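Written below as structure tokens is the structure these notes are about.
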Amino acid sequence: MDTDALTARLLQELRAAKPYPALSLTMPTHRRARDSAQDAVRLRNLAAEAISRLEADPTVSREARTALKEQLDRAVTEVDPRQALDALVVLVTGDEHQIWHLPRTAPERVVLSDTYLTRNLVAAKAQAQPFWALTVSGGHAALWSGTADVLHEERTGGFPLTAPREAPNPQREERIGDTPSTFSDEETRNFLRTVDEKLRAVLAADPRPLYLVGLAPALAMLDEVGECARSAVGRVTKGVPADMTPSELLKELRPALDERQRRFSAEIDGKLDEARGRRAFAGGLDEVWAAVREGRAGLVAVEEHFQQTVRETAEHLEPVSDAAADPADRSVREDIVDELVEAALDSGTDVVFLADDSLAEHGRIAAALRY
């Protein structure tokens, strides 16, 4: 699965308590095929470590160990290197296994607990900045789910929708001397009202930025009869052929996506400047971490590829180089940024990701404080 599948409901299920042991296995991966061999070796080594720890744990029964090992073996076999992104997360209990490919790196880790480790999934989902795209015409509407790198058609909430075709009416043709068009104006309006109604339900269940793609008359009529179109953050005024591929549609969306990102970055810069002006600003990992833990952060901005290993002391986070980090040292946190992002989101803080180097003067991460 990819981060697009991580809904609020699924996250709640993943975080729910489970019979011990629940296994979470994370590791960085490579997108290039030539590097996939080393990923396979790393995965097998981590799986072997997990089994070794299970066998050494006296609280795990033989039956539970056997069931979990069977699920883990299946997961390792099912990992497809062709789907590799920047990290792999494998979640396993004796009853199930899940495989997640993330567009954000994660450290090597084997965790046995009574719940799954979700911080890397949550941070990757936030960084991906998923969006909805609606392609619409007078007779067809399709919903697409995407991120900056991937787009696919979503079959949910009643989508795709196709307007009913009017049956031929010889009497009408004899009476007025023409062949009826595929849709009368009122039929098209009714169809687009239905599109708007279905789209409103989707946006309510999973709010995301919305982009509209279609010819100008179709978008204008959608504006006129519905509500959702007014909230769209971008539009592409172009017809969408039935055989357009996801990659072709993503290419058409790219200018609108880039423009929205520029506006969004400028908006965040303005909020951070305003926070500095009223002395409600935190900059750097140590300050932002403290603000998040205290519930004072209203907005956290992070550079997209910022990662830092730290050692947690009584009061501060001390940066540690990867070479100096000791995996056995429980005070060392290899993915503190992902942990911070998850904690911030859980407390109702807005978390946004900005381009690399945009927060260089603030230590790659900054926050606007509530007080």
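Just so we're clear, the structure is a prediction, and the values are computed from it rather than from any experiment.
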Please determine whether a side-chain nitrogen of the Lys or Arg among [X] and [Y] lies less than 4.0 Å from a carboxylate oxygen of the Asp or Glu.
| X | Y | result |
| --- | --- | --- |
| Arg263 | Asp258 | no |
| Arg15 | Glu342 | yes |
| Glu224 | Arg189 | yes |
| Arg119 | Asp346 | no |
| Glu78 | Arg74 | no |
| Arg262 | Glu259 | yes |
| Arg42 | Glu108 | yes |
| Arg193 | Glu197 | no |
| Asp335 | Arg333 | no |
| Arg230 | Asp196 | no |
| Arg364 | Asp356 | no |

Would you compute the distance between atom [atom1] of [X] and atom [atom2] of [Y] and round it to the nearest 0.5 angstrom?
| X | Y | atom1 | atom2 | result |
| --- | --- | --- | --- | --- |
| Glu312 | Ile336 | CD | CD1 | 6.5 Å |
| Leu203 | Cys228 | CG | SG | 5.0 Å |
| Ile51 | Asp73 | CD1 | CG | 6.5 Å |
| Leu222 | Leu134 | CG | CG | 6.5 Å |
| Lys18 | Asp114 | NZ | CG | 9.0 Å |
| Asp80 | Arg82 | CG | CZ | 4.0 Å |

If we only count heavy atoms from C-beta on, is the [X] to [Y] side-chain gap below 4.5 Å?
| X | Y | answer |
| --- | --- | --- |
| Pro246 | Glu153 | no |
| Leu345 | Val341 | yes |
| Leu253 | Phe131 | yes |
| Ser24 | Arg109 | no |
| Asp95 | Gln71 | no |
| Leu23 | Leu72 | yes |
| Tyr116 | Thr93 | yes |
| Val150 | Asp4 | no |

Check the side chains of [Y] and [X] for a donor-acceptor pair under 3.5 angstrom, ignoring hydrogens and angles.
| X | Y | value |
| --- | --- | --- |
| Trp100 | Gln98 | yes |
| Thr59 | Asp57 | yes |
| Thr105 | Asp86 | no |
| Thr135 | Trp144 | yes |

Examine distances only and state if a side-chain atom of [X] and a backbone atom of [Y] form a donor-acceptor pair shorter than 3.5 Å.
| X | Y | answer |
| --- | --- | --- |
| Glu227 | Arg200 | no |
| Lys125 | Thr3 | yes |
| Thr29 | Ala87 | yes |
| Arg208 | Trp132 | no |
| Ser265 | Gln261 | yes |
| Glu304 | Phe353 | no |
| Thr118 | Leu121 | no |
| Thr66 | Arg62 | yes |
| Arg260 | Pro255 | no |
| Glu287 | Gly283 | yes |

Next on the checklist: Going by ring pair (Phe, Tyr, Trp, His ring centres under 6.0 Å), name the residues that satisfy it together with His362, two or more places apart in sequence or in a different chain.
Outcome noted: Phe281

Next on the checklist: Under the criterion salt bridge (charged side-chain N to carboxylate O under 4.0 Å, His left out), I'd like the reasoning laid out for Arg235 against Asp223: C-alpha separation, chi angles, the key distance, then a yes or no.
Outcome noted: CA-CA 12 Å; Arg235 298 177 180 230; Asp223 275 331; 2.7 Å; yes

Next on the checklist: Taking NZ in Lys69 as the centre, count heavy atoms belonging to other residues, nucleotides or ligands within less than 6.0 Å. Is the count above 12?
Outcome noted: no

Checklist entry - Near Arg278 CZ, under 6.0 Å, is it more than 12 heavy atoms from other residues, nucleotides or ligands? => result yes

Item to check | Verdict with supporting geometry, Thr147 and Gln129, side chain to side chain contact (heavy atoms under 4.5 Å, CB included) | outcome: CA-CA 6 Å; Thr147 65; Gln129 300 181 37; over 6 Å; no

[X]-[Y] co-clustered via ILVMFWY side chain contacts under 4.5 Å:
| X | Y | answer |
| --- | --- | --- |
| Ile365 | Ile268 | no |
| Val136 | Phe159 | yes |
| Leu285 | Leu369 | no |
| Leu219 | Leu210 | yes |
| Leu102 | Val302 | yes |

Nearest atoms (heavy-atom pairs only) where [X] meets [Y]:
| X | Y | value |
| --- | --- | --- |
| Ala301 | Leu354 | CB-CD1, 4.1 Å |
| His140 | Thr162 | ND1-OG1, 3.1 Å |
| Pro103 | Gln127 | O-NE2, 3.8 Å |

Next on the checklist: Under the criterion side chain to side chain contact (heavy atoms under 4.5 Å, CB included), I'd like the reasoning laid out for Leu250 against Arg254: C-alpha separation, chi angles, the key distance, then a yes or no.
Outcome noted: CA-CA 6 Å; Leu250 186 59; Arg254 181 64 58 195; 3.8 Å; yes

Checklist entry - After noting the C-alpha distance and the side-chain angles of His152 and Glu154, does the key distance pass the side-chain hydrogen bond (donor to acceptor under 3.5 Å, both in side chains) rule? => result CA-CA 6 Å; His152 64 267; Glu154 191 80 13; 3.1 Å; yes

Next on the checklist: Set out, in order, the CA-CA distance, both residues' side-chain angles and the distance that settles side-chain hydrogen bond (donor to acceptor under 3.5 Å, both in side chains) for Asp2 and His101, then state yes or no.
Outcome noted: CA-CA 5 Å; Asp2 60 32; His101 297 279; over 6 Å; no

Checklist entry - For Thr115 and Ser113, what are the C-alpha separation, side-chain angles and deciding distance, and is it a side-chain hydrogen bond (donor to acceptor under 3.5 Å, both in side chains)? => result CA-CA 5 Å; Thr115 188; Ser113 184; over 6 Å; no

Next on the checklist: Does anything in residues 21-70 form a ring pair (Phe, Tyr, Trp, His ring centres under 6.0 Å)? List the pairs, not counting sequence neighbours.
Outcome noted: none

